[in-house]
Amino acid sequence: MTGAWLGPAEWQAVALSFKVALVAALVSLPFGLAAAYALARGRFPGRDLFSALVHLPLVLPPVVTGYLLLLAFGPEAPAGRALDALGLPLAFRWTGAVLAAAVMAFPLMVRAIRLSLEAVDARLEEAAGTLGAARARIFATVILPLIAPGLLAGWVLAFAKGLGEFGATITFVANIPGETRTIASAIHAFLQAPGGEGAALRLTLVSIALSLAALLASEWLARRVAARIRA
Amino acid sequence: MTGAWLGPAEWQAVALSFKVALVAALVSLPFGLAAAYALARGRFPGRDLFSALVHLPLVLPPVVTGYLLLLAFGPEAPAGRALDALGLPLAFRWTGAVLAAAVMAFPLMVRAIRLSLEAVDARLEEAAGTLGAARARIFATVILPLIAPGLLAGWVLAFAKGLGEFGATITFVANIPGETRTIASAIHAFLQAPGGEGAALRLTLVSIALSLAALLASEWLARRVAARIRA
Amino acid sequence: MTLEVAFRHRLSAGFALDVAFEAPPGVTALFGRSGAGKSSVLRAVAGLLRPDEGRIAMAGAPVFDSAAGVDLPPHRRRFGLVFQEPRLFPHLSVLRNLRYGRRALGLPANPAREAEIVEMLGIGALLARRPAGLSGGEAARVAIGRALLAEPRLLMLDEPFAALDAARREEILPWLERLRDHAGLPILFVSHSLPEVARLAARIVLMGEGRVLRAGPAADLLADPEAAEFLGPREAGAVLQGRVGRTAPDGLTEVRLAGGTLHLPGVTAAAGAAIPVRIAASDVILALTPPVGLSALNMLECRVAGLHRGRGPGVMVRLECGGEALLARITARSAEAMGLREGLALTAIVKSVAIGPADLGG
Amino acid sequence: MTLEVAFRHRLSAGFALDVAFEAPPGVTALFGRSGAGKSSVLRAVAGLLRPDEGRIAMAGAPVFDSAAGVDLPPHRRRFGLVFQEPRLFPHLSVLRNLRYGRRALGLPANPAREAEIVEMLGIGALLARRPAGLSGGEAARVAIGRALLAEPRLLMLDEPFAALDAARREEILPWLERLRDHAGLPILFVSHSLPEVARLAARIVLMGEGRVLRAGPAADLLADPEAAEFLGPREAGAVLQGRVGRTAPDGLTEVRLAGGTLHLPGVTAAAGAAIPVRIAASDVILALTPPVGLSALNMLECRVAGLHRGRGPGVMVRLECGGEALLARITARSAEAMGLREGLALTAIVKSVAIGPADLGG
Amino acid sequence: FAAASLAGPLDAASALWEEESGHEAVLSYGGSSTLARQILAGAPADVFLSANAAWMDEVEAAGRIVPGSRRDLWGNALVLVAAAPGALALEDLPSALGGGRLATGLTDSVPAGIYAREALTALGLWDSLAPRLAEADSVRAALAFVALGAAPYGVVYATDAGAEPRVHVVATFPAESHAPITYPGAALTPGAAEAFLAFLETPAARAFFTDAGFTDPPEPAR
Ligand SMILES: Nc1ncnc2c1ncn2[C@@H]1O[C@H](COP(=O)(O)OP(=O)(O)OP(=O)(O)O)[C@@H](O)[C@H]1O
Ligand SMILES: Nc1ncnc2c1ncn2[C@@H]1O[C@H](COP(=O)(O)OP(=O)(O)OP(=O)(O)O)[C@@H](O)[C@H]1O
Ligand SMILES: [Mg+2]
Ligand SMILES: [Mg+2]
C-alpha cells in the first residue's frame with residue numbers, strides 16, 4: 001500500500017479525508033455524549049421526537065441531508081452567517097465537510113454511547129453520591145470511565161462513516177480539491193467516468209487501510225480499558 | 001400525513017421501502033448477532049480483519065458497496081447465479097434491495113449488539129453453567145434476554161438505515177418502480193428531475209413518519225424490557 | 001448531632017415502610033429479620049430513596065421534609081453508607097476507591113488516618129489491585145474503609161461483617177468502638193448478630209415488616225424478657241454498668257458491678273473507666289448456695305425478681321443484683337427443682353471466659 | 001460418591017492455590033480467613049477456574065485432570081454452587097430462577113420438593129417478583145433454593161447464611177442436615193461461623209493463604225487444642241457421640257454419653273438414634289466436687305487428660321469422660337486455685353440451654 | 001433504463017406510449033454511469049437512454065445493444081445561471097464571481113461538468129476559473145448551490161434552469177464552445193424496445209421534451 005501509484009491530488013484527498021473524519025469524530029463526541037445522556041437518562045417531553053431527530057440523517061437519503069444542511073448553513077442562511085461571523089465559515093470549506101460527516105455519523109455515535117450508558121450500574125452512582133460526589137463529579141469519575149467502550153465504539157463508527165460519507169458532503173460543500181474533495185468524493189467521481197475503476201480501487205484500498213488502522217487502535221484501546229476493569 | 005397528496009406510485013414506493021427495510025432488518029438480525037458474538041467473545045486469528053470487513057460498508061462510499069454487490073451478486077456473477085438457481089434471485093429485484101440495505105446497515109447492527117454483549121455479566125453465565133445449562137442454553141436463556149436492548153437498537157438502526165439507504169441500492173438493483181424503487185430512490189430521483197422538490201418533500205415526511213413509528217415501537221419495547229428487569 | 005427519622009413510604013403493593021426513631025451520637029442498631037426493611041431505611045436516610053412523606057433531620061436541620069419540600073441530594077447530606085454489597089468502583093484501584101470520598105469532598109489527604117484504616121482492615125497488600133479479583137471479604141473491607149475515609153457526619157453500616165471471619169471482626173470492632181466514643185457521630189448499624197449489636201449499640205431499633213416494633217436503650221431491650229421474643233431467646237441478656245479495677249499479672253482485670261466483682265480477660269479500658277458489661281442469659285448458672293471448688297470465678301449475689309415462662313422447656317429468670325437487672329435462662333425442670341420464686345436469694349455464676357470481648361462495651 | 005481434589009493454580013504473582021483434600025458424602029467445611037482461597041477452590045471444583053495442574057474427581061471419575069487432558073465444562077459436572085453473591089438472573093422471576101436448573105437439565109417438575117424448599121426458605125411471597133427489588137437476605141435465600149432444586153451431584157455453599165437472620169438459619173440448618181443425611185451427596189460448606197460448621201460438618205478443611213493447613217474429621221479438629229490456634233480459641237470444642245433416650249413431658253430429651261447423661265431441649269432425632277453432640281470449650285465449668293442446688297442439669301464425670309496454656313489468661317483443659325474427649329477453657333487462675341493436674345477426677349458442668357440446636361448434629 | 005434528468009417528460013411520453021401500444025413501460029432512473037454499469041453486469045433492461053455519449057459508447061463496445069438501434073434523441077444547451085435576473089457577458093464571469101464560486105457538475109465525470117469544462121476552456125476562462133469551481137455530484141446539486149445562494153453563478157443545462165424559479169439564465173454558452181450535448185438512446189433487446197425508441201421520435205412524444213426545454217439532437221451525431 002505504498003504511495004507510488006497515487007498521484008499528488010489523490011494523496012491530497014487521502015490527507016483531507018483523514019482530517020475531516022478525525023475532526024468530525026472528535027468534535028461530535030461531546031455532542032453525541034450529551035444527546036445520548038439526554039436520551040438514556042432524560043425524562044423530558046419530546047424525548048421521542050428528539051430521538052427521531054437524532055436518527056434523521058440515517059433515515060433520509062444523504063442528498064436530502066446535504067440539501068437541508070445547505071438550507072440551514074449555506075452562506076445565505078442565518079445559521080451559516082452567524083458561524084461565518086464567528087470565524088467558522090462552512091460553505092465550500094473543509095469545515096463544512098466535517099459538519100456533514102459529523103451529522104451523518106451522529107445517529108451511530110449516539111446509539112453506541114447510549115447503549116453503554118444504559119449498561120452503567122446505577123448502584124455505583126448511588127455509592128459515589130453517598131461518598132460526597134455531586135452529579136457532575138459522578139459523571140466525570142464514574143459514568144465516563146465506565147462508558148469508555150461505548151465512546152470508543154461511537155468514535156470508530158463516526159470515523160469510519162466520516163471516511164465513507166459522500167452524498168451529504170458533496171451536496172453541501174461540493175467537491176473542491178484540497179478543500180472538500182475527500183476520498184469518498186474522489187472515488188465517486190472516478191466511478192462516474194468510464195475507465196475510472198482503477199483509480200477508484202486504489203483509493204478504496206487506502207480508505208480501507210485507514211479505517212483498519214483506526215479500528216485496530218480502537219480495539220486495542222478497548223482491550224486496555226476492559227483489562228483495567230478485569231485485572 | 002394522509003395519503004391524499006401521494007400518488008399510487010409514491011404509495012408503492014412507501015410500501016416497498018417499508019417491506020425492504022423491515023425484511024432487511026429482520027433477516028440481518030441473526031447474522032448480526034453471530035458476527036457480534038464472534039467479535040465480542042471470539043479469540044480467533046483474523047478477528048481484527050473480520051472486524052474491518054464488517055465495518056467496510058460504513059467506510060466505503062455506498063456506490064462502491066453497490067458496485068461490489070453488483071459484481072458479486074449480479075445476474076452473471078457466480079454467487080448471483082447460484083442464489084438465482086436456489087430460487088432467490090437478487091439482481092434488480094426487491095430481494096436485492098434487501099441485501100443492499102442489510103449490508104449497509106450491518107456495521108451499525110453489529111456494533112449495537114456487540115456493545116450489549118460486552119456488557120453482559122459473565123458471572124450470570126457462570127451461574128447458569130453450574131445449574132446445568134450448556135453453552136447453547138446459556139446463550140438462549142441468559143445472554144439473549146440480557147442483550148435485548150442491543151438487539152432492539154440494532155434493529156432500529158437497520159430499519160432506519162434501510163429506509164434511508166439509496167447509494168448502494170440504486171447501484172446494485174437500480175430504481176425499478178414496484179420492485180426496487182424505494183422511498184430513498186424515489187426522493188433522489190425526484191430531486192434529480194426538475195420540479196421534483198415537492199414530491200421529494202412529501203416522501204421525506206412519510207419516511208420520517210415511518211422511522212418515527214419504528215423508533216417509538218422500539219423505545220416502548222426497550223422500556224418494557226428494562227421494566228421487566230427493574231421491577 | 002442527633003438523627004431524627006420519621007417517614008412513610010410504599011415500596012410495593014404488599015410492602016410499606018412506616019418508621020420513626022432517633023439516633024443520637026453513638027451506635028444505634030437496626031435489628032430485624034431478612035426483609036424487615038432495614039436496608040430500605042438506610043437508603044431513605046442516605047437520600048437514595050425518596051419517602052412518600054415524612055421528615056429526616058440531622059442535628060435539627062432537615063435533609064428531607066416532604067411538608068417543607070426539602071430533599072437534599074445524597075452528596076449534600078454527607079451521610080456515609082456501607083452497602084450490603086461492596087459496590088466498589090471497578091475501574092479504580094483499591095487505593096483510589098479508598099480515596100474517592102476525600103477527593104470528591106475536596107478534603108486534604110490524611111495519610112496517618114489512611115494508614116491506620118488500611119492496617120485495621122488488613123488491606124495493605126491490595127491497594128494497587130482492581131476490585132474485580134478481590135475475595136468477598138476483601139471487597140467488604142475495602143467498602144468499609146472507603147466510607148470511613150470520607151469522614152461522614154453520619155455512618156451507616158449494612159451488615160458490614162457478614163463476609164468477615166471472626167478474627168477480622170475482632171480487629172474492626174474495637175476500632176469502631178473508638179470511633180463511636182471519640183468522633184461523636186451517630187452510627188446506624190445493621191447486623192443479624194446480636195452479640196455484635198450488644199457490644200456496639202447503645203440503642204436498638206427492632207424492625208419487622210417495615211415498622212419499628214420496639215426502640216430504646218440497648219440495655220433495656222436486651223434485658224426485657226418480652227423483647228426476647230423478637231430478639232430470639234438464645235440471644236437475650238442484660239447489660240450492667242461496671243467500673244474497671246486493677247489488672248492482675250495473669251491478665252484478668254477486675255470489673256466491679258453493683259452485685260459483685262467480675263474477673264475478665266482482655267479488658268482494654270483504663271482503670272477507673274466505666275464500661276457496660278453484657279451477660280447473656282444463657283451464660284448464667286444459678287446456685288442456691290455459693291458453690292466451692294468451681295472453675296468459674298465470677299459470682300454475683302442476686303434475688304429473683306420474676307419468672308417468665310416462654311414456649312418450650314425454657315424459663316427466663318429476671319434477677320436483681322445490687323440494684324441492676326440480670327437475666328438467666330434455665331430449664332423449667334431446674335426452676336422447679338430449685339424451688340425458684342420471687343424474692344429468693346441466690347448466687348449467679350458467670351464463667352469468666354464466657355464473657356469474651358464481643359460482649360464488652362455498649 | 002467421594003470428591004477428590006488436588007490441584008495447584010497460580011492466581012496472581014502473589015497468590016497461589018495448592019490444595020489437596022477429599023470430601024466424602026456428608027458435609028465438609030472449608031474454613032479459613034478472608035482471602036484464604038476458599039471461594040477459588042469452589043470455583044475450580046465447579047469448573048469455572050481451570051487449575052494449572054492437578055486432578056479433581058467425583059466418585060472416581062475425573063472431571064478435571066491436567067495429565068489426562070480432561071476438563072469437563074461446568075454443566076457436564078452437575079456440581080451445584082451457591083455463590084458468595086446471589087447472582088440471580090435479573091430478567092427472570094424468582095420462580096423461574098428457582099426452576100432454571102431443572103429446566104436446563106430436562107428434569108421433570110417436582111412440585112412437592114419445590115413447595116418444601118420454598119416453604120423452608122420463606123420465599124413463597126416473592127415467587128412472582130423480579131430479583132431487582134429483593135432484599136439482601138431474600139436474594140440469598142432464592143440463590144440457595146435455585147441450587148437445591150437443580151439436584152446436583154455435589155453441593156457447594158459459599159457462606160450461604162451470611163445475610164440471614166438467626167431465626168431463618170435455624171429453619172434452613174435442619175433441612176440441610178436432612179439433605180446431608182439422606183441424599184448421600186458430598187456438600188462443601190464455606191462459613192465463618194464455627195458453630196454452624198461444627199453443627200453441619202463431619203470433616204473440616206482448614207485453609208490459609210491458598211493452602212490446606214489442616215484437614216480431618218470435625219470431631220478431631222475441633223477437640224485438638226493445637227487447631228484452636230487457627231479456629232480461634234473461643235470456638236474450640238469437642239464433639240461427643242450421644243444416643244437419644246426418652247423425651248420428658250417438659251420438653252427435655254435424654255442424650256446418653258459415655259461419661260453421663262445430658263438433658264437437652266429441642267432434640268428432633270428419634271429415640272435410639274446416635275447423634276453427635278458438640279460442647280464448646282467455653283461452655284464447660286469444672287467442679288472438684290459435684291455441686292448441689294445448681295440450675296445446670298448436665299454434669300459429666302471426667303478426668304484431666306492434659307493442660308494447654310495458650311497466649312493470654314486462658315488454659316485449655318483436655319478431659320477424658322468415659323473414654324471420650326472433652327475440652328474446657330478456664331482461666332489460669334482457676335486452674336491454679338483448683339490445683340488441676342493430669343489424672344485428677346472432677347465434674348464437668350454443662351448448662352443444658354447452652355447447648356442449643358446450633359451445636360447438635362455432626 | 002433512463003438518465004434521471006429525463007424523468008419528467010419521459011414519464012409523460014411513456015404513459016402515452018402505454019396507452020397507444022398496450023405495452024407496459026417500466027422506467028428505472030439513475031445516473032448514466034450507474035445504469036451503464038448495471039447493463040454491463042447483465043441487468044435485464046430493454047432500453048438505455050443515456051445523458052452522455054461516453055457511457056453509451058461503453059455499452060455499445062461491450063456488444064450489449066441491438067446493432068443499429070442507437071440514435072441521438074435529444075439535445076440540450078448549456079447556460080450560466082445566477083440568483084438574480086440580468087445578463088452577463090461570459091468573459092466578465094471571473095470578475096463577477098468576486099470571492100464566490102462557480103457551481104458546476106463534476107468536471108471530469110458528470111456530463112454537465114464535462115461540457116462546462118470544455119466550454120470554459122474554449123472561452124479561455126478555464127485557467128482563471130478552475131480553482132474557483134464548486135463541483136457538484138449532479139446538475140441538480142449545482143443548481144441548488146445557486147438557488148440557495150451558496151454560489152453566485154452556476155453552469156447548468158437549459159432544461160434544469162428553466163424548471164427552477166429561483167435562478168435566472170444570465171448567459172447561454174455558444175453551442176460550438178463544447179461538444180454537442182446529446183441524449184443517445186439504444187435498444188438492448190429487439191422488438192418492443194425498438195418500437196419504443198421509434199415512438200420517442202414521433203412528434204407527439206417530442207412535444208413533451210420540447211416543452212421541458214430539450215432541443216433537437218445536434219447534427220451530426222458524434
Ligand atoms: N483473578 C485474581 N487475580 C488476583 N488475585 C485473585 C484473583 N482472584 C482471587 N484472587 C486472590 O486470591 C485470594 C483468595 O480469594 P478467594 O475469593 O478464594 O478468597 P476466600 O477464601 O473466598 O475469601 P473470603 O472469605 O473473603 O470470601 C484473595 O486474596 C484474592 O484477592
Ligand atoms: N423496589 C422494590 N419493590 C418491591 N419491593 C421491594 C423493593 N425494594 C425492597 N422491597 C421489599 O422491601 C422489603 C424490605 O427490603 P430491605 O432490603 O429493606 O430488607 P432488609 O431488612 O434490609 O433485609 P435483609 O436483611 O434481607 O437485607 C423486602 O421484602 C423487599 O423485597
Ligand atoms: Mg438489607
Ligand atoms: Mg469467598
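Chain A is the first sequence line, chain B the second, and so forth, proteins listed ahead of strands; every chain is numbered from 1. Note: hydrogens, waters and symmetry copies are ignored here, and every other heavy atom, side chains too, is used.
- The CZ atom of E:Phe145 sits 11.0 Å away from atom OH of A:Tyr67, with the distance rounded to the nearest 0.5 Å.
- In this structure, chain A has a heavy atom under 4.5 Å from the backbone of E:Leu133, while its side chain stays farther away.
- Contact annotation: the side chain of E:Arg101 approaches that of A:Ile176 to within less than 4.5 Å [non-hydrogen atoms, C-beta and beyond].
- Residue E:Arg132: no heavy atom, backbone or side chain, is found under 4.5 Å from chain A.
- The distance from the CZ atom of E:Arg140 to the OG1 atom of A:Thr171 is 12.0 Å, given to the nearest 0.5 Å.
- For A:Phe166, the part lying under 4.5 angstrom from a heavy atom of chain E is the side chain only.
- The nearest pair of heavy atoms linking E:Ala150 to A:Leu70 is CB-CD1, 4.0 Å.
- Other residues, nucleotides and ligands place no more than 12 heavy atoms under 6.0 Å from the CZ atom of A:Phe18.
- Of the inter-residue distances, the one linking A:Phe73 atom CZ with E:Leu148 atom CG reads 14.0 Å to the nearest 0.5 angstrom.
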